[in-house]
Amino acid sequence: MLDINFVRENIEAVIEKTRLRGLEIDLNGFAQLDAERKQLIGDIESLRHKRNVTSEEIARMKKAKSDATELVNDMRLVSARIKELDEKIKHCELTLREMLLFVPNIPNSSVPKGRSSDDNVEIRRVGKPPEFAFAPRPHWEIGTDLQILDFERGAKIAGSRFTLYWKMGARMERALINFMLDIHTHRHGYQEVLPPFITNSTSLVGTGNLPKFGEDLFKIEKTDYYLIPTAEVPVTNIYRDEILNAADLPIKLVAYTPCFRSEAGSWGKDTRGLIRQHQFNKVELVKFASPADSYIELESLTKDAEEILALLGLHYRVVTLCTGDMGFSSAKTHDIEVWLPGQNTFREISSCSNFEDFQARRANIKYRPSANAKLEFVHTLNGSALAVGRTLVAILENYQQEDGSVIVPDALRPHMDNIERITKS
RNA sequence: GGAGGGAUGGCCGAGCGGUCUAAGGCGGUGGUCUUGAAAACCACUGUACGCUAGUCGUACCGCGGGUUCAAAUCCUGCUCCCUCCGCCA
């Protein structure tokens, strides 16, 4: 959410910046409603002042045993009027807040302008694509032949976009989770947390998933519970309505969670394989930083995510998303895309974003910059490190052999009983 | 699921419906003292909003309703926490 004071003074700029994202927002009536609210607050406060003063007077008169009936009758009217104004103000504020909740974050000035993913800017490319003496196959063929991925039974148990992992498939998924958590906790200094996999709607408003993107979520009927679409939601909300110590910043957390997405609106997209599932595993990095440091922290967070790919020997590139391709809450986003030889393309495996104070304002997460200074909102950041299912996909496709087996990357072997190769068994 | 108890400022904790909407303590900040530190003493110490910008005003005592001229205080619904019983991984 943007600062209401900022929006008030920069309505045109806000509309303009939103247009850079390819969105049109409706702020008609905002200024008028905002002015009305201000007027009403002035009115109600003077009435309340009158009531407070007169109440004391009534108390004095009663103590002196004199008749206060007239004042009491006056105040009866004043109180009724206060109640009336209070309802009007509440209505104004609700409407204003509703408007603001639908306004996306303003892209940082360093973000390239553009309309779609075609305008994203590649900032580096690391490693080399593997060379094959045969035509590399897509992971769904490799996994099915090795009998470690079972798409048919996944669909039977739950439906399309659900997959059953068998044996070394399940084993590798679990190894990847542990591998990633170990690297981030031991080498990068993140604290591990294991949050609830379900949150309430307030938490989802805090991160910006609600109220606008409810269709993307699985909601539990007749409750206020939602399956989390990413660990970002519960982990960012750890500190909702709290004041952090400046000396503790940046706070760096890492969490493994499954993620659940309805994928409404992506019918027909990536229907084969593990790429786009209703349920997938992810290891997520979350940072709470001071505003002065947040862009440094975005770069280091991205590097932390990249290191997983580097350690696994996977070829990848990093792109900065253009204004038209960024998520609603983000001020700047780097995507990491891994090379998938079976599909001859780069695919997103991580998305690292700085939300600046957008989420912190929604979730009310503050800190005191220095003793006696005013409270300020922190900056929040997060990034996948990595999407586990897609990492497994990348390993299957990049380490596939002509005989259908798959070599286990060196770095992963200690987490897999030092197995070197997955073969059909 | 049943019965009972509770929620107050960064933390602990007091608060007869009307001498301020908050005692007291801890913590924090500044100062005195000290070579320095500790201790001691003194002072200050919540958030948000408003304007006539002040030794100003208004709101906030889990959240929402209600009663009242007036609610931290009374009534009510909800949320969360604690204790006991039952069930259960």
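Below, chains carry the letters A, B, ... as their sequence lines are ordered, and counting in each starts from 1.
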In whole Å, what separates the [atom1] atom of [N] from that of [M]?
N: B/G66; M: B/G17; atom1: C1'; answer: 15 Å
N: B/A59; M: B/U76; atom1: C1'; answer: 23 Å
N: B/A22; M: B/C61; atom1: P; answer: 12 Å
N: B/A14; M: B/U52; atom1: C1'; answer: 38 Å
N: B/C88; M: B/G4; atom1: P; answer: 24 Å
N: B/G10; M: B/G2; atom1: P; answer: 36 Å
N: B/U21; M: B/U73; atom1: P; answer: 13 Å
N: B/G54; M: B/U67; atom1: C1'; answer: 36 Å

Across all strands, who's sitting opposite [N] as a Watson-Crick or G-U wobble pair, both distances under 3.5 Å?
N: B/G64; result: B/U76
N: B/U19; result: none
N: B/G50; result: B/C56
N: B/A70; result: none
N: B/C11; result: B/G25
N: B/C84; result: B/G2
N: B/A40; result: B/U32

Sidechain N-carboxylate O distance under 4.0 Å for A/D119, A/R115
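Looking at A/R115 together with A/D119, the answer is no, because their closest N to O distance does not fall below 4.0 Å.
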Audit row: A/R21, A/T323, side-chain hydrogen bond (donor to acceptor under 3.5 Å, both in side chains) steps and yes/no:
CA-CA 5 Å; A/R21 290 172 169 272; A/T323 52; over 6 Å; no
Length of the line joining [X]:[atom1] and [N]:[atom2], which is rounded to integer Å:
X: A/I82; N: B/U58; atom1: CD1; atom2: P; result: 11 Å
X: A/D34; N: B/C49; atom1: CG; atom2: C1'; result: 12 Å
X: A/K38; N: B/A48; atom1: NZ; atom2: P; result: 17 Å
X: A/D43; N: B/G57; atom1: CG; atom2: P; result: 19 Å
X: A/Q39; N: B/C51; atom1: CD; atom2: C1'; result: 12 Å
X: A/L96; N: B/C49; atom1: CG; atom2: P; result: 14 Å
X: A/D241; N: B/G9; atom1: CG; atom2: C1'; result: 16 Å
X: A/D3; N: B/C49; atom1: CG; atom2: P; result: 9 Å

So A/L375, base contact, sugar-phosphate only, or nothing? Heavy-atom distance under 4.0 Å.
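If one applies the 4.0 Å heavy-atom cut-off, A/L375 turns out to touch the sugar-phosphate alone, with no base involved.
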Across the strands shown, which category fits A/K50 at heavy-atom distances under 4.0 angstrom: base, sugar-phosphate, nothing?
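Contact class for A/K50: none.
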Any residue meeting side chain to side chain donor-acceptor pair (under 3.5 Å) with A/E192, in chain and number order, not counting sequence neighbours
none
For A/S262, all residues meeting side chain to side chain donor-acceptor pair (under 3.5 Å), sequence neighbours excluded:
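Listed in chain order: nothing, the list is empty.
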Closer to the 5' end of RNA chain B via nearest nucleotide, is it A/R60 or A/I44?
A/R60
Starting at the 5' end of RNA chain B and moving along, which residue's nearest nucleotide shows up first, A/A59 or A/I41?
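Nearest nucleotide further toward 5': that of A/A59.
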How would you list, by chain and number, every residue that makes a salt bridge (Lys or Arg N to Asp or Glu O under 4.0 Å) with A/D417, sequence neighbours excluded?
A/R171
How many angstroms lie between CG in A/D86 and NE2 in A/H91, if you round to the nearest 0.5 Å?
13.5 Å
Is it true that the side chains of A/S117 and A/D325 contain a donor and an acceptor less than 3.5 Å apart?
no
Under 4.0 Å protein heavy-atom contacts per nucleotide of nucleotides 59-78 of chain B, with B for base, S for backbone only and - for none
S-----SS--BS--------
Looking only at side-chain N and O atoms, does A/H49 come under 4.0 Å of OP1 or OP2 in B/G57?
no
Side-chain atoms of residues 172-179 of chain A: list all donor-acceptor pairs with protein atoms under 3.5 Å, sequence neighbours left out, distances to 0.1 Å.
{"residue": "A/E173", "atom": "OE1", "partner": "A/Y165", "partner atom": "OH", "Å": "3.1"}
{"residue": "A/E173", "atom": "OE2", "partner": "A/N281", "partner atom": "ND2", "Å": "2.8"}

Would you be so kind as to tabulate the donor-acceptor pairs closer than 3.5 Å made by side chains of residues 297-307 of chain A, with sequence neighbours excluded?
{"residue": "A/E297", "atom": "OE1", "partner": "A/K287", "partner atom": "NZ", "Å": "2.6"}
{"residue": "A/E299", "atom": "OE2", "partner": "A/H334", "partner atom": "NE2", "Å": "2.8"}
{"residue": "A/S300", "atom": "OG", "partner": "A/K287", "partner atom": "NZ", "Å": "2.8"}
{"residue": "A/S300", "atom": "OG", "partner": "A/E297", "partner atom": "O", "Å": "3.2"}
{"residue": "A/T302", "atom": "OG1", "partner": "A/L298", "partner atom": "O", "Å": "2.7"}
{"residue": "A/D304", "atom": "OD2", "partner": "A/Y190", "partner atom": "OH", "Å": "2.6"}
{"residue": "A/E306", "atom": "OE1", "partner": "A/R124", "partner atom": "NE", "Å": "3.1"}
{"residue": "A/E306", "atom": "OE1", "partner": "A/Y316", "partner atom": "OH", "Å": "2.7"}
{"residue": "A/E306", "atom": "OE2", "partner": "A/R124", "partner atom": "NE", "Å": "3.2"}
{"residue": "A/E306", "atom": "OE2", "partner": "A/R124", "partner atom": "NH2", "Å": "2.5"}
{"residue": "A/E307", "atom": "OE1", "partner": "A/H188", "partner atom": "NE2", "Å": "2.5"}
{"residue": "A/E307", "atom": "OE2", "partner": "A/R187", "partner atom": "NH1", "Å": "2.7"}

